[in-house]
Amino acid sequence: DTGTYTLYRHDPENPYSLLDDDVQEIEPGKPGVLWLGTRHGGLTKFEMSTETFTHYPPDPTNPQSNPSEAVEAIYRAADGIVWLGLDGGGLLKFDPVMETFKSYRHDPENSNSLSEDVIIGIFQDDAGFLWLATQKTGLNRFDPVTETVTRYRHDPNDPHSLDTEHLSKARGGIYQD
């Protein structure tokens with residue numbers, strides 16, 4: 001421990017600097033890599049050895065890119081896939097080896113889709129399911145193999161349902177408000 005620290009800020013003159021100073025989430029990647037989710041710049045990879053940032057901002061001309069600049073949650077799975085919860089963009093799967101994105105969105109015509117497009121927390125259980133906390137419509141269980149969703153919502157007539165549809169996130173967990 002040297003007792004010093006480095007402050008990383010956006011520098012408009014440096015394309016390899018942090019794209020947005022409002023970092024919402026930090027998730028460790030492979031050794032020497034941090035994944036950063038920002039409020040206004042999308043996903044960023046930080047390489048510790050070179051102290052450089054690689055940006056994956058939204059690209060409206062590419063439907064396979066990141067659809068939202070506001071990242072609310074990041075989870076890196078054991079297989080290396082980086083999952084992003086977006087504010088208005090649903091769930092995003094990012095393959096860091098191929099540098100490809102796949103988006104999962106709410107579809108009002110499909111009950112196996114996300115219950116909404118604001119995902120504020122992500123957790124993976126031992127069976128491989130992703131548990132997604134939404135802002136206003138409860139909990140979603142996403143199966144990465146079948147790419148389907150099971151929705152868990154508050155039902156006032158079911159005492160075994162969620163107590164509320166409003167969930168919160170904290171490091172290491174998803175909680176009911």
Side-chain angles (χ1 to χ4, degrees), residues 19-20 22-29 33-45 54-125 127-155 161-162 164-177:
L19 192 59
D20 177 24
D22 192 352
V23 176
Q24 299 289 304
E25 289 283 312
I26 301 173
E27 179 75 13
V33 171
L34 292 176
W35 293 101
L36 311 173
T38 66
R39 168 60 61 198
H40 305 287
L43 178 66
T44 296
K45 177 174 73 172
T54 303
H55 310 294
Y56 303 93
D59 178 357
T61 65
N62 179 0
Q64 299 303 314
S65 77
N66 175 1
S68 174
E69 62 185 19
V71 176
E72 292 289 329
I74 301 178
Y75 180 80
R76 182 179 175 270
D79 62 3
I81 296 296
V82 178
W83 294 92
L84 305 170
L86 305 175
D87 185 352
L91 178 67
L92 192 62
K93 176 183 179 180
F94 177 65
D95 182 332
V97 174
M98 301 302 293
E99 292 195 336
T100 57
F101 289 94
K102 183 166 185 180
S103 183
Y104 303 90
R105 305 290 299 262
H106 169 68
D107 176 355
E109 304 298 320
N110 181 356
S111 63
N112 289 319
S113 72
L114 298 176
S115 60
E116 72 171 271
D117 283 334
V118 180
I119 307 298
I120 63 169
I122 304 172
F123 173 79
Q124 189 169 37
D125 67 20
F129 295 113
L130 294 176
W131 292 87
L132 312 172
T134 68
Q135 186 176 45
K136 296 179 181 173
T137 57
L139 190 63
N140 289 201
R141 185 184 75 186
F142 178 78
D143 183 337
V145 175
T146 64
E147 298 182 331
T148 58
V149 171
T150 303
R151 300 173 181 177
Y152 297 89
R153 302 194 65 179
H154 172 67
D155 178 351
S161 73
L162 291 176
T164 180
E165 305 229 86
H166 301 280
L167 302 175
S168 299
K169 66 177 178 175
R171 192 68 182 148
I174 298 171
Y175 304 93
Q176 291 187 53
D177 276 346

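The first residue of the sequence shown is numbered 1, and numbering continues consecutively from there. Hydrogens, waters and symmetry mates play no part in the numbers below; they use all other heavy atoms, side chains included.
Taking Thr61 as the reference, Asp59 meet the side chain to side chain contact (heavy atoms under 4.5 Å, CB included) condition, with sequence neighbours excluded.
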>> Glu147 vs Phe142, test: side chain to side chain contact (heavy atoms under 4.5 Å, CB included). Steps then yes/no.
In response: CA-CA 7 Å; Glu147 298 182 331; Phe142 178 78; 4.2 Å; yes
> What's the verdict on side chain to side chain contact (heavy atoms under 4.5 Å, CB included) for Phe94 and Glu99, showing C-alpha distance, side-chain angles and the deciding distance?
Replying inline: CA-CA 7 Å; Phe94 177 65; Glu99 292 195 336; 4.3 Å; yes
>> Using the rule given for side chain to side chain contact (heavy atoms under 4.5 Å, CB included), can you reason through Val118 versus Lys136, listing the C-alpha separation, both sets of side-chain angles and the distance that settles it, and then say yes or no?
In response: CA-CA 8 Å; Val118 180; Lys136 296 179 181 173; over 6 Å; no
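How far CZ of Arg151 is from CD of Glu116: 10.0 Å, rounded to the nearest 0.5 Å. We find the CG-CD distance between Leu132 and Gln124 to be 10.5 Å, quoted to the nearest 0.5 Å. Here the CG-CD1 distance, from Leu92 to Ile119, works out to 11.5 Å after rounding to the nearest 0.5 Å. Interatomic distance, Leu43 CG to Thr38 OG1, rounded to the nearest 0.5 Å: 8.0 Å. For the atom pair OH (Tyr104) and CG (Asn140), the distance works out to 14.0 Å, reported to the nearest 0.5 Å. In this structure, CG on Leu86 lies 8.0 Å from CZ on Arg105, to the nearest 0.5 angstrom.
In terms of heavy atoms, Glu25 sits closest to Ala73 at CG-CA, 3.7 Å. Residues Ile122 and Gly85 share a closest heavy-atom pair of CD1-N, 3.4 Å. Pro58 and Ser68 make their closest contact through CG-C, 3.4 Å (heavy atoms, listed as atom of the first residue, atom of the second, distance). The shortest non-hydrogen separation linking Val71 to Ile74 is CG1-CG1, 3.8 Å.
With hydrogens and angles ignored, the 3.5 Å screen pairs a side-chain donor or acceptor of Ser113 with a backbone N or O of Asp107. The backbone N or O of Thr148 sits nowhere less than 3.5 Å from a side-chain atom of Asn112 that would complete a donor-acceptor pair.
Annotation: side chain of Phe101 is not in contact with side chain of Lys93 (no heavy-atom distance under 4.5 Å). Asp95 places a side-chain heavy atom less than 4.5 Å from the side chain of Ile81. Using a 4.5 Å heavy-atom cutoff, the side chains of Thr54 and Thr44 are not in contact.
Evaluated for a side-chain hydrogen bond (donor to acceptor under 3.5 Å, both in side chains) with Asp87, the options Arg39, Gln135, Gln24 yield exactly one hit, Arg39.
Using bins of under 30°, 30° to 60° and over 60° for the plane-to-plane angle, the ring pair Trp35/Tyr56 lands in the tilted bin. The aromatic rings of Tyr152 and Trp131 sit tilted relative to each other, their planes meeting at an angle between 30° and 60°.
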